[in-house]
Visitor: 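I'd like to ask you about the structure that follows.
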Protein chains: 2
Amino acid sequence: MSDVSNKNMKMTPQRIAIMKYLDGNTAHPSAADIYVALQEQFPTMSLATVYNTMETLKQQGAVVELSIDPGKKRFDPNTQPHHHLICIKCKTVLDIFVDFPLPLSDRETGGFQILGNRVDFYGICKTCGDTPREMIQTNR
Amino acid sequence: MSDVSNKNMKMTPQRIAIMKYLDGNTAHPSAADIYVALQEQFPTMSLATVYNTMETLKQQGAVVELSIDPGKKRFDPNTQPHHHLICIKCKTVLDIFVDFPLPLSDRETGGFQILGNRVDFYGICKTCGDTPREMIQTNR
DNA sequence: CTCCTTGACAAGAATCCTTCTTAAGTAATA
DNA sequence: TATTACTTAAGAAGGATTCTTGTCAAGGAG
């Protein structure tokens, strides 16, 4: 997601704006986040356009769709292998660039062809840390 | 989720049926899956009852809510720490009982108070393996 | 240059999943 | 068995996403 150009998709003002917004964005925005952020610049842009564009970018491998926020898609323009630190209170997502060895034996994979992995850490971020409340599952 | 009894919640026929259905279930069903499965037995049961019951069970630590299926909640009655192998085609989820060391330094956590973690492996299951199609992100 | 094809757009309808509201019902307890 | 608080069913409501439709713009062929 570093250059705003692509020979595989038609570049329209809307798409350029979305890609610029995503470039370097570490907030893992939802479709609505993107939509709202570009409202001023493109008052007539449809939310469907955001979804369409994200779907296109996803298929091209320019963004990764995250399912860390139940009931909401969020997108990560950083396609380098990395993991996430998720605040269970405010849903903030921090990137972690640590490489963990995650070996699986053939017996454990049970015929699955492994293509990738994702590690999510759950916790309370610094900002939310002042008012802890509920006990959380330690593994899911 | 091994015994169908609980002193912290009122046991109704619907709840007993849901708990029995979940007991030993490794399919990680969604609310709708549970609802449909119990339709014959409880034709009048509301989907809201399934959601209510799952919320109650979740708060009691009897099930874990998974967000592996975008836009859909799925539940895991196995509350032992374990990880998942997810088929990107048919959304089948297999449990893996392997313990990976996932050390994070204070610098990496950036003030986050880590409460738990989750490792998801993505791939193609044996059944879907016959007709591979698209290239997948190796890490998300 | 003009026609034609293709893809992208906006707008809103439709759908899916989940939560909320309300009135009626029922399990737990004494 | 009576009380009480919790649970239920039903449907409305809400949020997120997808679909449909008609319009529009860009690029290629003639």
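Residue numbering restarts at 1 for every chain, and letters A, B, ... go by the order of the sequence lines. These numbers were taken from a predicted model, which means no experiment stands behind them.
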Visitor: Which whole-number value in Å describes the distance from Phe42(A) CZ to dC9(C) C1'?
Guide: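 In whole Å, dC9(C) C1' lies 12 Å from Phe42(A) CZ.
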
Visitor: Can Thr56(A) and Gln59(A) be counted as having a side-chain donor-acceptor contact under 3.5 angstrom?
Guide: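 On atom types as modelled, these side chains do not qualify, holding no pair under 3.5 Å.
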
Visitor: Met19(B) has an atom CE; how far is it from atom C1' of dA27(C), in whole Å?
Guide: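 Those two atoms, CE and C1', are 15 Å apart.
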
Visitor: Is there side-chain contact between Thr92(A) and Ile86(A), with at least one heavy-atom pair below 4.5 Å?
Guide: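 No, every pair of side-chain atoms sits at 4.5 Å or beyond.
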
Visitor: Please give the angle, rounded to 10 degrees, between the axes at the start and the end of the helix from dC1(C)-dG30(D) to dA30(C)-dT1(D), where five pairs define each axis.
Guide: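 The angle, to the nearest 10 degrees, is 30°.
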
Visitor: Does the pair Arg74(A)/Asp76(A) count as a salt bridge with the N-to-O cut at 4.0 Å?
Guide: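 Salt bridge absent between Arg74(A) and Asp76(A).
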
Visitor: Check side chain to side chain donor-acceptor pair (under 3.5 Å) between Thr44(B) and all other residues, then give those that pass, not counting sequence neighbours.
Guide: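 Partners of Thr44(B) under the side chain to side chain donor-acceptor pair (under 3.5 Å) test: none.
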
Visitor: Within a strict 4.5 Å, meaning less than it, do heavy atoms of the Met54(A) and Ile18(A) side chains meet?
Guide: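 They are in side-chain contact.
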
Visitor: Touch check for Lys10(B), heavy atoms < 4.0 angstrom, all strands: base, sugar-phosphate only, or nothing?
Guide: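 Base: the residue Lys10(B), judged by heavy atoms under 4.0 Å, touches a nucleobase.
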
Visitor: Separation of Leu47(A) atom CG from dG12(C) atom P, in whole Å?
Guide: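 Between P of dG12(C) and CG of Leu47(A): 13 Å.
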
Visitor: Mind calculating the distance between CD1 (Ile34(B)) and P (dT18(C)) to the nearest angstrom?
Guide: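 For the pair Ile34(B) CD1 and dT18(C) P, the rounded distance is 10 Å.
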
Visitor: Roughly, in whole Å, what's the span from NZ in Lys91(B) to C1' in dC17(C)?
Guide: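 Whole-Å distance recorded here is 14 Å.
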
Visitor: In terms of the nearest nucleotide of DNA chain C, which residue is placed more toward the 5' end: Ala48(A) or Thr53(A)?
Guide: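 Result of the comparison: Thr53(A).
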
Visitor: Atom CD of Glu65(B) to atom C1' of dC17(C): distance rounded to whole Å?
Guide: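 Answer to the nearest Å: 12 Å.
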
Visitor: Test your reading of the model: is there a side-chain donor-acceptor pair from Glu108(B) to the backbone of Ser105(B), 3.5 Å cut-off?
Guide: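 Judged by distance alone, yes, a pair lies under 3.5 Å.
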
Visitor: Looking just at side-chain N and O atoms, do His28(B) and Asn78(B) make a donor-acceptor pair shorter than 3.5 Å?
Guide: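 Short answer, no.
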
Visitor: Under 4.0 Å between any heavy atoms, over every strand shown, what does Ala32(A) touch: base, sugar-phosphate, or nothing? Just pick one.
Guide: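 Nothing: the residue Ala32(A), judged by heavy atoms under 4.0 Å, touches no strand.
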
Visitor: Nearest to the side chain of Thr12(A), heavy atoms from C-beta on, is which of dA10(C), dA8(C), dT18(C)?
Guide: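 The answer is dA8(C).
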
Visitor: Under 4.0 Å between a side-chain N or O of Arg15(B) and OP1 or OP2 of dA27(C)?
Guide: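 No.
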
Visitor: Using a heavy-atom cut-off of 4.0 Å to chain A, what are the terminal contacting nucleotides of DNA chain D, in 5' to 3' order?
Guide: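 Endpoints of the contacted stretch of DNA chain D: dA16(D) to dC19(D).
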
Visitor: Would you say the side chains of Asn117(B) and His83(A) form a donor-acceptor pair under 3.5 Å?
Guide: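 No - no donor-acceptor pair under 3.5 Å links their side chains.
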
Visitor: Between atom CE in Met9(A) and atom C1' in dA8(C), what is the gap in whole Å?
Guide: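 After rounding, the gap between these two atoms is 10 Å.
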
Visitor: Side-chain donor-acceptor pair under 3.5 Å between Asp33(A) and Ser30(A), yes or no?
Guide: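 A pair is found: one side chain offers a donor N or O, the other an acceptor, under 3.5 Å apart.
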
Visitor: dG7(C) P sits how many Å from Glu55(A) CD, rounded?
Guide: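 Between P of dG7(C) and CD of Glu55(A): 16 Å.
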
Visitor: Would you say Lys73(B) places a side-chain N or O within less than 4.0 Å of OP1 or OP2 belonging to dT19(C)?
Guide: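 Yes, within the criterion.
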
